[in-house]
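Position 1 is the first residue of the sequence; numbering continues from there.
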Amino acid sequence: MTREIMSKPLPGETPNSRLRQLGMMNLLYSLQKADTALTITTVTELTGMTRKAAQETLDPLVARGLLLESWGRTSLGRGKARQYQIAPEIFDKLQGVYGA
């Protein structure tokens with residue numbers, strides 16, 4: 001994950017953006033392990049980021065294939081909300097490296 005983000009910059013991407021992505025992946029991994037919904041709302045509540053800033057950090061992770069994005073219901077059951085999941089391939093690679 002670190003290698004994918006740091007050594008393969010997307011067009012126009014800054015080093016600061018890539019560092020934010022690493023931090024975001026760490027947060028999302030912790031949330032997923034705690035069986036917490038991976039949504040923009042969850043990220044903004046935990047980090048204090050604006051929705052726009054959170055989305056700007058999540059979008060490149062989706063573009064890289066590190067996150068999968070889908071649409072689900074909001075927590076109130078009305079409307080649609082983006083939901084994220086760490087790509088299963090990430091865990092497969094980690095298992096190969098760490099035997100976890």
Discussion item. To the closest 0.5 Å, what do you measure between OG1 (Thr14) and CG (Leu19)?
Written reply: 8.5 Å

Worksheet item: By salt bridge (charged side-chain N to carboxylate O under 4.0 Å, His left out), which residues pair with Arg51, not counting sequence neighbours?
Response: none

Item to complete: Output yes when a side-chain donor or acceptor of Glu13 lies under 3.5 Å from a complementary backbone atom of Leu10, and no otherwise.
Response: yes

Worksheet item: If only atom types and distance count, is the side chain of Gln32 paired as donor or acceptor with the main-chain N or O of Ile86 below 3.5 Å?
Response: yes

Worksheet entry | Least distance between heavy atoms, Gly65 atom then Ala87 atom | O-CB, 3.3 Å

Discussion item. Could you report the tightest heavy-atom contact between Ala53 and Arg20, atom names first, then the distance?
Written reply: CB-NH2, 3.6 Å

Fill in: Note, Gln83 side chain near Trp71 side chain (heavy atom, < 4.5 Å)
no

Worksheet item: Is a donor on one side and an acceptor on the other found under 3.5 Å between the side chain of Arg64 and the backbone of Glu4?
Response: yes

Practice prompt. State, without any angle test, whether Gln21 and Ser17 hold a side-chain donor-acceptor pair at a distance under 3.5 Å.
Written response: yes

Worksheet item: Hey, mind stepping through Thr50 and Thr44 against side-chain contact (heavy atoms from CB on, under 4.5 Å) and telling me if it holds?
Response: CA-CA 6 Å; Thr50 65; Thr44 59; over 6 Å; no

Practice prompt. For Leu28 and Tyr84, run side-chain contact (heavy atoms from CB on, under 4.5 Å): C-alpha distance rounded to whole Å, both residues' side-chain angles, the deciding distance at 0.1 Å, then the answer.
Written response: CA-CA 9 Å; Leu28 296 175; Tyr84 298 90; 5.5 Å; no

Item to complete: Taking Thr47 for its side chain and Val43 for its backbone only, find out whether a donor-acceptor pair lies under 3.5 Å.
Response: yes

Practice prompt. Give the C-alpha distance, both sets of side-chain angles, the deciding distance and a yes or no for side-chain contact (heavy atoms from CB on, under 4.5 Å) between Leu61 and Met25.
Written response: CA-CA 8 Å; Leu61 296 171; Met25 284 302 294; 3.8 Å; yes

Practice prompt. For the pair Leu68 and Val62, evaluate side-chain contact (heavy atoms from CB on, under 4.5 Å) and give the outcome as yes or no after the intermediate values.
Written response: CA-CA 6 Å; Leu68 304 178; Val62 172; over 6 Å; no

Item to complete: Could you tell me the separation between the CZ atom of Arg18 and the OG1 atom of Thr57, rounded to the nearest 0.5 Å?
Response: 13.5 Å

Worksheet item: Should Arg82 and Gln55 count as side-chain neighbours, where that means a heavy-atom distance under 4.5 Å?
Response: yes

Worksheet, complete the sentence: Interatomic distance, CG@Leu38 vs OG1@Thr41, rounded to 0.5 Å, equals 12.0 Å

